[in-house]
Amino acid sequence: MHILQKIGVGLAVFTWLAISLFAAKKEATFDSESLKYKTISDVLISPGGELTLIAFLTPYFDKEDPHKSTWRTSFLITSNKRSSQKDISMEGPADFYNLQWAPNGKWISYISPGDKFLSLWIISLETLKSQKLLELDHDIHAHKWAPNGAKIAIAQRFVDKNNTTPNQIILTESTKSYSHLYVVDVTDKLTIGNNPTQLTSEFLYLTSANIKSDDLFSWSPDSLTIAFLSQSAADLENQTSQISTVDIKTGKITSLVNEKGGYLYPLYSPDGKWLAYVTNVFPEKKKVQNNSLEVGPLRVCLTNVEDHQKRCLAKTYNEQPHLLNWTADSSFVVVSESYRTLNQVYKLPVNGKDPIAIFKKQDQLIKSGSFDSKNDFLVYTVESFTEPPEVFIKSLDDEASKQISHLQEAPILDKFQSEVIKWKSKDGKEIEGILILPEKRQRGKKYPVIVLAHDGPNDVWSQQYVGELLDIPINLLELLNKGYAILAPNYRGSTGYGLEFRQANFKDLGGKDLEDLMSGVRHIIKEEIADSNKIAIWGWGYGGYLATWAIIQTQLFKTAVVGAGINDWISFVGQTSDPELWEAYMGGYYWDDYDFWFSRSPSLHLANAKTPTLIQAGDGDYKFPYYQAMQLNYSLTDFKIPNHLILYPNQEHSFSNPQVLLEARTDLLKWLDAHMVPSSSPVILEENKK
């Protein structure tokens, strides 16, 4: 079967059925400029601060077997100082997680598939060869070196399958999955000294919450204790957790932080006196509408290791800090977070005083990589609309920075006009968005516009390079090169604008956030930027829901592209792998408020829609299951609304196969080119009141 299995259902009287049920192999190629782009996935400073490890991805296309198309990983190790040392380049593993330096700076370790299970691998800088260090009888999904380099802590994941048979298919990860913490000895000759020692018991698990593996546990500076996020057996099915410590010699487990709530990133201070962590539990917190870890307010708090006394540090602008590290003198905690269409890095004083912004004058997008707690150096990537990302290094106490990578072959794109714009929404709230024109603005010229609705809802459009190879089927550079302008609004619910703004769509999904988007469209029409006869809406995930909801409210859009959207809220919450998040947004369970859940479901209002719609989804997407796409296709077809559904095999919410990604982008462009034509009479911007 061809890599793309296409499903097209509808009435033959519409010309859009020229797209076949199963498409023949087609010539689809990346834009030559975007093909040169390198996706930087990891930036890690070495323990001594002399080197930086950069991992980056490039697409590989297998012409004989498209199923084998994948992303190739490369490692670059570069010097942070002016020296004669040459850069070290090597091919990286095909699939890896949890990349890190060994404390001696001579080895790089990571998690990657073994013979049967995810295993621990290592690369020696002397030989530049990788070897499997440890494979167990279940997946290893995280690891961390002890500071003295003599031990490695590992997290091993187990899944309870007692009630399944070989003929059953498990569509989502069991809620009864759990992890245990182990420790192994490592010799100087890169051998495991003995069998792993289990540190957590059957009654106390490493937390199974949806948390990045790197952030589950950390070693004390003396390598004698591990702090870890834990759950009791009774709490495995919710997001509540606690922070415990385990003595490596005795195996004694102590509960360090046990207030009911959520915790992230436990990290010891260099002097060993404090444990820092991020939490949604702090004394002065007011009751909020949505207290999930993804959306609610978070703070960095400290617990004294000796007497267990707790105190919280000053709040950050967005109240969603990501803990990077401590400064060498244990006086500050370093965090990063979204800041409007950019990012910011802060030093948080342990005395509770206000955060100190590291980047004083920001006009580019900073994506932090890692922070060296011994020498107070930060390595990070910098990019802008026109310039692809490269890696820089700076001291926290010095405004000057130095570029240490020259990876990109992708060009500087100065032919476009890119800017952050503002407008007032229907209720007067100021909204920000990104406007990109395909050329320098020409007075009197109006442009066809693609309006982009982001995922989340708590994602954000940032000032990233327009040629970036996203893992969803859209590329801004391709749209711009075809002459389309782009409007990317950061409507209510977007992160980066503070807690109140992020919570402003509580129990109002598809309400004021859609008004914010539509007000942005009105703004660029009023400013005579957009050709009102040539405006399309595109969305992915939650943005796909907004795109569907928009074509019910207005006939302004010439066409819509719905990617992995939501058609019916009640069936969706029973299909998604993350129902708790959406119940938090909706204010409770659907059986407590049927009317509201029904009222915001597009499926009940599609009789109002008239807009030709392309529907795209991955058939392995558990966050936004493709059943919703099939429902939308069925409903639009029943109402005789031109539409086309394409399901992409073996792709999750983020696409993993670059060949599939490429062809999905080609499908998008062909659809837009076929439907973005002017109508015979102007379209009046007026919401459908039915």
Side-chain angles (χ1 to χ4, degrees), residues 171-172 290 292 294-295 451-459 472-474 491-494 505-517 537-553 557 560-591 593-609 611 613-639 641 643 645-648 651-654:
L171 293 179
T172 58
N290 186 341
S292 64
E294 295 92 337
V295 184
V451 181
L452 307 182
H454 66 62
D455 203 351
N458 58 317
D459 281 0
I472 53 178
I474 191 170
Y491 33 76
R492 260 167 269 212
S494 302
N505 60 351
F506 172 74
K507 208 171 181 180
D508 191 35
L509 298 180
K512 289 186 174 61
D513 50 7
L514 181 58
E515 290 178 1
D516 298 341
L517 181 149
I537 186 168
W538 172 96
W540 193 262
Y542 180 73
Y545 163 72
L546 276 188
T548 308
W549 198 235
I551 63 174
I552 293 168
Q553 313 299 323
F557 299 110
V561 180
V562 175
I566 300 167
N567 187 55
D568 176 80
W569 277 108
I570 293 179
S571 62
F572 169 75
V573 81
Q575 297 165 348
T576 178
S577 59
D578 197 8
E580 295 86 0
L581 173 66
W582 299 103
E583 287 162 349
Y585 269 111
M586 299 293 270
Y589 301 110
Y590 68 82
W591 51 81
D593 195 349
Y594 282 110
D595 291 342
F596 175 67
W597 285 70
F598 278 129
S599 70
R600 295 299 169 94
S601 294
S603 57
L604 297 183
H605 309 280
L606 285 170
N608 295 333
T611 306
T613 303
L614 173 65
I615 309 165
Q616 297 178 297
D619 74 352
D621 190 344
Y622 296 142
K623 294 177 66 177
F624 290 80
Y626 72 90
Y627 310 116
Q628 295 292 311
M630 295 181 72
Q631 286 181 19
L632 178 59
N633 166 248
Y634 174 81
S635 299
L636 291 175
T637 301
D638 208 34
F639 287 117
I641 300 167
N643 76 98
L645 167 64
I646 310 177
L647 299 182
Y648 301 93
Q651 301 306 299
E652 299 181 8
H653 196 61
S654 298

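Being a predicted model, the structure only gives us computed values, none of them experimental.
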Looking at every heavy atom in both Asn505 and Pro457, which two are closest together, and how far apart are they? ND2-CB, 3.5 Å
Indicate yes or no for a side-chain donor-acceptor contact from His454 to the backbone of Asp459 under 3.5 Å, with no hydrogens or angles considered. yes
Any side-chain heavy atom of Gln651 within less than 4.5 Å of one from Asp621? no
Thr613 side chain to Val561 backbone, donor-acceptor under 3.5 Å: no
Can you tell me how far the CG atom of Asp455 sits from the CH2 atom of Trp540, to the nearest 0.5 Å? 9.0 Å
Examine Trp597 together with Trp591 and report whether their ring centres are nearer than 6.0 Å. no
Only counting residues at least two apart or in another chain, list the ones meeting side-chain contact (heavy atoms from CB on, under 4.5 Å) with Asp508. Lys512, Arg600
Between Tyr542 and Trp569, how do the two ring planes meet: parallel, tilted or perpendicular, split at 30° and 60°? tilted
Asp513 side chain vs Tyr491 backbone, donor-acceptor pair below 3.5 Å: no
If I compare all heavy atoms of Leu606 with all of Ser635, which pair ends up nearest, and what's the gap? CD1-CB, 3.4 Å
Nearest heavy-atom neighbours spanning Ala547 and Gly539: CB-N, 4.2 Å
Determine the minimum heavy-atom distance between Leu509 and Tyr545, stating which atoms define it. O-OH, 3.5 Å
So, taking the atom named OG in Ser601 and the one named CG in Asp568, what distance separates them when rounded to the nearest 0.5 Å? 4.5 Å
Tell me, do Ile474 and Leu452 make a side-chain contact under 4.5 Å, heavy atoms counted? yes
Between Gln631 and Ser603: side-chain donor-acceptor atoms closer than 3.5 Å: no
May I ask you to decide if Glu294's main-chain N or O and Asn458's side chain share a donor-acceptor pair within less than 3.5 Å? yes
So for atom CZ, which belongs to Phe506, do other residues, nucleotides or ligands contribute more than 12 heavy atoms lying within a distance under 6.0 Å? yes
So do the side chains of Ile615 and Leu636 get within less than 4.5 Å of each other, counting heavy atoms only? yes
How far does CG of Asp593 sit from NZ of Lys507, to the nearest 0.5 angstrom? 4.5 Å
Under a 3.5 Å threshold, yes or no: a donor from one side chain and an acceptor from the other, between Tyr622 and Glu652? no
So, taking the atom named CG in Leu581 and the one named CE in Met586, what distance separates them when rounded to the nearest 0.5 Å? 11.5 Å
Beyond-backbone contact of Tyr626 with Asp619, side-chain heavy atoms, under 4.5 angstrom: yes
Please check: side-chain N/O of Thr637 versus main-chain N/O of Asn633, any donor-acceptor pairing under 3.5 Å? yes
Pair Phe624 + Trp582: ring centers closer than 6.0 Å: yes
Under 3.5 Å, is there a donor-acceptor pair linking the side chains of Asn567 and Thr548? no
Taking all non-hydrogen atoms of both residues, which atom of Ser599 and which atom of Trp549 are closest, and how far apart? O-CH2, 3.1 Å
With rounding to the nearest 0.5 angstrom, report the CD1 to CG distance, Ile551 to Asn643. 9.0 Å
Ring centroid separation Tyr627 to Phe572 under 6.0 Å: no
Find out whether Val562 and Leu614 are in side-chain contact, i.e. whether some heavy atom of one side chain is under 4.5 Å from a heavy atom of the other. no
Are any side-chain N or O atoms of Gln616 and backbone N or O atoms of Leu647, one a donor and one an acceptor, separated by less than 3.5 Å? no
Do Val451 and Trp538 touch side chain to side chain, with heavy atoms closer than 4.5 Å? no
Which heavy-atom pair separates Phe557 from Leu517 by the least distance, and what is that distance? CZ-CD2, 4.4 Å
What distance separates Asp578 CG from Lys623 NZ, expressed to the nearest 0.5 Å? 7.5 Å
